[in-house]
Amino acid sequence: MNKFTTVSDIGDLKKAVAEALEIKKDRFAYTDLGKNKTLLMIFFNSSLRTRLSTQKAAMNLGMNVMVLDVNQGAWKLETERGVIMDGDKAEHLLEAIPVMGSYCDIIGVRSFAGLKDKSEDYEERVVEQFIKYSGRPVFSMEAATGHPLQSFADLITIEEHKKTERPKVVMTWAPHPRALPQAVPNSFVQWMVAAGYDVTVTHPEGYELDEKFTAGAKIDYDQDRALAGADFVYAKNWSAYADPNYGKILSTDRSWTVDSAKMALTNNAFFMHCLPVRRNMIVTDDVIESPQSLVIPEAANREISAQTVIKRMLESLK
Ligand code: CP
């Protein structure tokens, strides 16, 4: 595997989950695979889970790990070609990327959407430049339009907990005080449809996601109707995708917060969220603390999804 930015990069999902569950049984079975190999993790944005789980995954495989926080101690990087660099950005990505590639064997990149220029975000300009110019296998640690390591961990978690072959999975928008990217919801819907689940997305009007990601999912503007009979409820906020409101907050309606009354509409559903989560905006305390909450197991599975991806990349280096 030379790149991992979207669901198609992982191939057969059943095989990928089976491989992940094998790794989970013995995560130190491949400690020789990464010997003398180096993972460089580059963060343009903050992280708790991705940073720790991906580093742990690489260490499980015997790798050395370097972490660069671009906004803390590195030169500020220009990302656009043709810019006259007379501002505060001292280095261009076009030099920085091959230099970084020369120090490592595999690169992980986190680069969120700016939410100002939809074309720039949806062309994935930063991650695509790493793929083009680094000369190394590159995986996304959440980019502008997707978070595949999270969705892979979510899929593993659902496979571990589902009680029917084809569960009803409902992703619901929920309110948040800040404008958030569409990366997690885009990926989640795309991966769950690819897994063959019965997928419904519910959100207020105006929050329609890019159809490229939601193809195959039902869209329902009535949250209560969508939640009826759900086996898994995945809560997430995102800002508007559709023009002319790209990146804007259109609603802060707290009636969309997932509470025990909403969960009572479901088939005793499990509650999921990628974290970090704003309690009592996205989900109430009692729901996230309930026995049906999977937020900790899904975060723990981030180590497993990352290890599966890095293992495949190491195998492709041979
Ligand atoms: N879910 C997730 O990616 O968490 P972090 O932003 O903390 O890495």
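Read the numbers this way: they start at 1 and go in the same order the structure lists the ligands and their atoms.
We find that D210 and K118 are not joined by a salt bridge, their nearest charged nitrogen and carboxylate oxygen being 4.0 Å or further apart. Residues R279 and D285 are paired through a salt bridge, judged by an N-O separation under 4.0 Å between the basic side chain and the carboxylate.
Proximity to L48 (heavy-atom distance under 4.0 Å) selects the following atoms of ligand 1: 5 (P), 7 (O), 8 (O). Close approach to R302 involves these atoms of ligand 1, each under 4.0 Å from a residue heavy atom: 1 (N), 2 (C), 3 (O).
Side chain to side chain, T79 and R125 fail the donor-acceptor criterion of an N or O pair below 3.5 Å. There is no side-chain donor-acceptor pair under 3.5 Å between Y241 and N186. Using modelled atom types and a 3.5 Å distance limit, the side chains of T308 and E19 yield no donor-acceptor pair. Side-chain contact, Y234 with D154: a donor N or O sits under 3.5 Å from an acceptor N or O.
Considering only non-hydrogen protein atoms, atom 4 (O) of ligand 1 sits nearest to R49 NE, 2.9 Å. Atom 3 (O) of ligand 1 has H147 NE2, 2.8 Å as its closest protein atom, hydrogens excluded (heavy atom only). With respect to atom 1 (N) of ligand 1, the closest heavy atom belonging to the protein is L275 O, 2.8 Å.
By the criterion of a heavy-atom distance under 4.0 Å, neither the backbone nor the side chain of V184 is placed next to ligand 1.
Between S46 and ligand 1, not a single N/O pair is under 3.5 Å apart.
Of the candidates E142, M141, E298, R110, it is R110 that places a heavy atom closest to atom 6 (O) of ligand 1.
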